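Quick caveat, the model's predicted, so the values are computed rather than measured. In what follows, every heavy atom counts, from backbone to side chain, and hydrogens, waters and symmetry copies are set aside. Residue indices begin at 1 and follow the sequence shown.
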Amino acid sequence: HDMLFKANPGVLAQMGAIQLVRGDYLAAKPLLDRLVQLQPGVAQYRYQLAMALVGVDQVSGAEQELRKAIELAPDFLPARVALARQMLQQGRHDEFAAQVAAVHALQPEHPDMLILEASLARLQGREDEALAKLERTYAVAPSQVTVRNLALEMVRRGDRESGVKLLEDWLRSHSSDTPIRMTLADLYMESNQDERAREQYRAVLDVDERNIVAPNNLAWGLRKREPKQALVYAERAWELAPDSADVLDTLALVLLDNKELSKARARIEEALKLAPDNPGIRYHAAMIMHAAGDTGGAVGLVQASGGRRAT
């Protein structure tokens, strides 16, 4: 049965797509890897594999798959849009502009195209044009993507109140929209509205039990006030993502706040192995070493980090 499953492209495609929709990229990746091995000439499958690779922070692999998808199907819009977004995120602005032009040639009025053009306008200093394009996109195609982009642009321009209100209004009629709820929670956290943020993270967990960021952020926010409850959330995130340096870092500090020093040290050492150059994790490791009585080790780690402090 297992061999039949692994050799059946239809089943692999269906299961991989389900895991992508769920946001379970670790589960999606091996399914889509196998699918691409079986059917390397399908642009859609390479695009889906790229999305899974982005989800597990394998950005260079994702770019390779997107370029192969475009090579197979030059008019395949999702791959073009995804590659443009990667170029923007990596600061490769000339390549970003080239991809925007390629997308424009395919579908100049597509909502994704207007969002990309807004980003290009912002890069080129045309701020009002960027906002106008995002407002237009949301008006003609209201969606999770368009409302989020418009809200974040409002916040970026200093109108945080309008951006937050836009997301709050959206959630009144789209209560199960987890990504928008996460974005709203992050905005609350940035403006020190911690209890409102926690309400949103808890609401996320009500509809998405496998969400990793929500319990991790809840653990971080509660670790000083309610360390025992924070530990419940931190362990939940760790169970879902045992190889995430960020999750291990949070768990280690929550364990420290619960006076469980040996466990805290074990977890932060695992985090350091996964992200040895992360200054925040190195600083937290030094804190835990110091609390455990290893002052020399703590000082050495801070000095090796150049004395940089991160919370």
Side-chain angles (χ1 to χ4, degrees), residues 20-21 23 43-44 47-48 50-51 54-55 59 62-63 65-67 69-70 73-191 200 213:
L20 281 181
V21 170
Q44 171 73 20
Y47 164 74
Q48 289 176 313
M51 295 302 93
V54 169
V59 179
E63 181 181 337
E65 293 301 328
L66 290 172
R67 292 192 183 279
I70 291 167
D75 293 347
F76 185 44
L77 187 70
R80 289 274 186 194
V81 170
L83 184 60
R85 287 174 179 154
Q86 273 209 353
M87 299 301 95
L88 178 61
Q89 288 166 2
Q90 294 174 29
R92 295 155 66 178
H93 294 158
D94 289 344
E95 292 174 84
F96 170 63
Q99 287 302 322
V100 172
V103 175
H104 184 90
L106 292 174
Q107 291 197 40
E109 294 301 314
H110 193 282
D112 286 340
M113 176 65 238
L114 295 172
I115 291 170
L116 291 175
E117 285 190 328
S119 296
L120 185 61
R122 190 188 310 123
L123 278 175
Q124 296 172 346
R126 293 176 282 122
E127 302 279 343
D128 291 341
E129 182 183 334
L131 180 63
K133 282 186 180 293
L134 293 176
E135 288 175 335
R136 179 179 160 208
T137 309
Y138 178 57
V140 300
S143 71
Q144 179 189 103
V145 172
T146 58
V147 73
R148 183 178 186 275
N149 277 279
L150 177 55
L152 292 180
E153 180 66 13
M154 289 171 167
V155 171
R156 198 190 64 78
R157 290 167 64 94
D159 190 1
R160 177 176 291 271
E161 184 178 344
S162 294
V164 167
K165 184 178 184 304
L166 184 64
L167 297 183
E168 290 173 341
D169 290 346
W170 176 266
L171 284 170
R172 287 190 184 95
S173 52
H174 303 82
S175 59
S176 62
D177 192 333
T178 297
I180 293 300
R181 206 170 282 285
M182 291 292 294
T183 300
L184 181 59
D186 292 343
L187 291 176
Y188 284 147
M189 288 286 283
E190 288 171 11
S191 56
Q200 297 303 320
V213 177

Query raised in the report: At what distance, to the nearest 0.5 angstrom, does CG of L131 lie from CG of D159?
Result: 9.0 Å
Query - Atom pair OG1 (T183) and CG (N149), whose distance is rounded to the nearest 0.5 Å - result: 9.5 Å
Query raised in the report: Does CD in E161 sit with more than 12 non-hydrogen atoms of other residues, nucleotides or ligands closer than 6.0 Å?
Result: no
Report summary line: Nearest heavy-atom contact between A151 and L166 is N-CD2, 3.8 Å
Query raised in the report: Are K133 and E153 close enough that some pair of their side-chain heavy atoms sits under 4.5 Å apart?
Result: no
**Report entry** T146 side chain vs A141 backbone, donor-acceptor pair below 3.5 Å
**Finding:** yes
Report task. May I ask you to check whether over 12 heavy atoms, not counting those of R136, lie within 6.0 Å of atom CZ? Result -> no
**Report entry** side chain to side chain contact (heavy atoms under 4.5 Å, CB included), paired with R160, selected from E190, M154, K165
**Finding:** E190
Report task. Could you check if a side-chain atom of Q86 sits within less than 4.5 angstrom of a side-chain atom of R92, using non-hydrogen atoms only? Result -> no
Report task. Assess whether side-chain contact (heavy atoms from CB on, under 4.5 Å) is satisfied between R157 and D128, documenting all intermediate values. Result -> CA-CA 10 Å; R157 290 167 64 94; D128 291 341; 3.1 Å; yes
Query - Qualifying residue for side chain to side chain contact (heavy atoms under 4.5 Å, CB included) with V103, from D112, L83, L77 - result: L77
Query - Shortest non-hydrogen contact from P78 toward Y47 - result: O-CE1, 3.5 Å
Query raised in the report: Which atom names give the shortest non-hydrogen contact between A62 and V54, and what distance separates them?
Result: CB-CG2, 3.5 Å
Report task. May I ask you to check whether over 12 heavy atoms, not counting those of R181, lie within 6.0 Å of atom CZ? Result -> yes
Query raised in the report: Mind checking whether L66 and M51 have side chains closer than 4.5 Å, heavy atoms only?
Result: yes
Report task. Please test E117 against R126 for side-chain contact (heavy atoms from CB on, under 4.5 Å), starting from the C-alpha separation and ending with a verdict. Result -> CA-CA 11 Å; E117 285 190 328; R126 293 176 282 122; over 6 Å; no
**Report entry** Side chain proximity check, F76 to L106, heavy atoms < 4.5 angstrom
**Finding:** no
Query raised in the report: OG1/T178 to CD/Q144 distance, rounded to the nearest 0.5 angstrom?
Result: 8.5 Å
Query raised in the report: How about L187 and L152: do any of their side-chain heavy atoms sit closer than 4.5 Å?
Result: yes
**Report entry** Min side-chain heavy-atom separation V145-T137 under 4.5 Å
**Finding:** no
Requested in this report: State whether the side chain of S175 and the backbone N or O of R172 hold a donor-acceptor pair below 3.5 Å, judged by distance alone.
Outcome: no
Query - Minimum heavy-atom distance between A69 and A79, given as atom pair plus value - result: CB-CB, 4.0 Å
Requested in this report: Evaluate the side-chain proximity of V81 to H110: yes if any heavy-atom separation is below 4.5 Å, no if none is.
Outcome: no
Query - Value rounded to 0.5 Å, distance of CD in E127 from CD in Q124 - result: 11.5 Å
Requested in this report: Side-chain contact test, heavy atoms from C-beta onward, threshold under 4.5 Å: evaluate it for W170 versus L184 and give yes or no.
Outcome: no
Query raised in the report: How long is the gap from CG on L114 to OG on S119, to the nearest 0.5 Å?
Result: 11.0 Å
Report summary line: Closest heavy-atom pair, V155 versus G163, reported as atoms and distance to 0.1 Å, is CG2-CA, 4.2 Å
Report task. Evaluate side-chain contact (heavy atoms from CB on, under 4.5 Å) for L134 paired with R122, printing each intermediate quantity in order. Result -> CA-CA 11 Å; L134 293 176; R122 190 188 310 123; 4.2 Å; yes
Query raised in the report: Going through the checks in order, is the side-chain contact (heavy atoms from CB on, under 4.5 Å) test met by R80 and H104?
Result: CA-CA 10 Å; R80 289 274 186 194; H104 184 90; over 6 Å; no
Report task. Write down the atom of L150, the atom of Y138, and the distance for their closest heavy-atom approach. Result -> CD2-CD2, 3.8 Å
Report task. To the nearest 0.5 angstrom, please state how far the CD atom of Q200 sits from the CG atom of L167. Result -> 9.5 Å
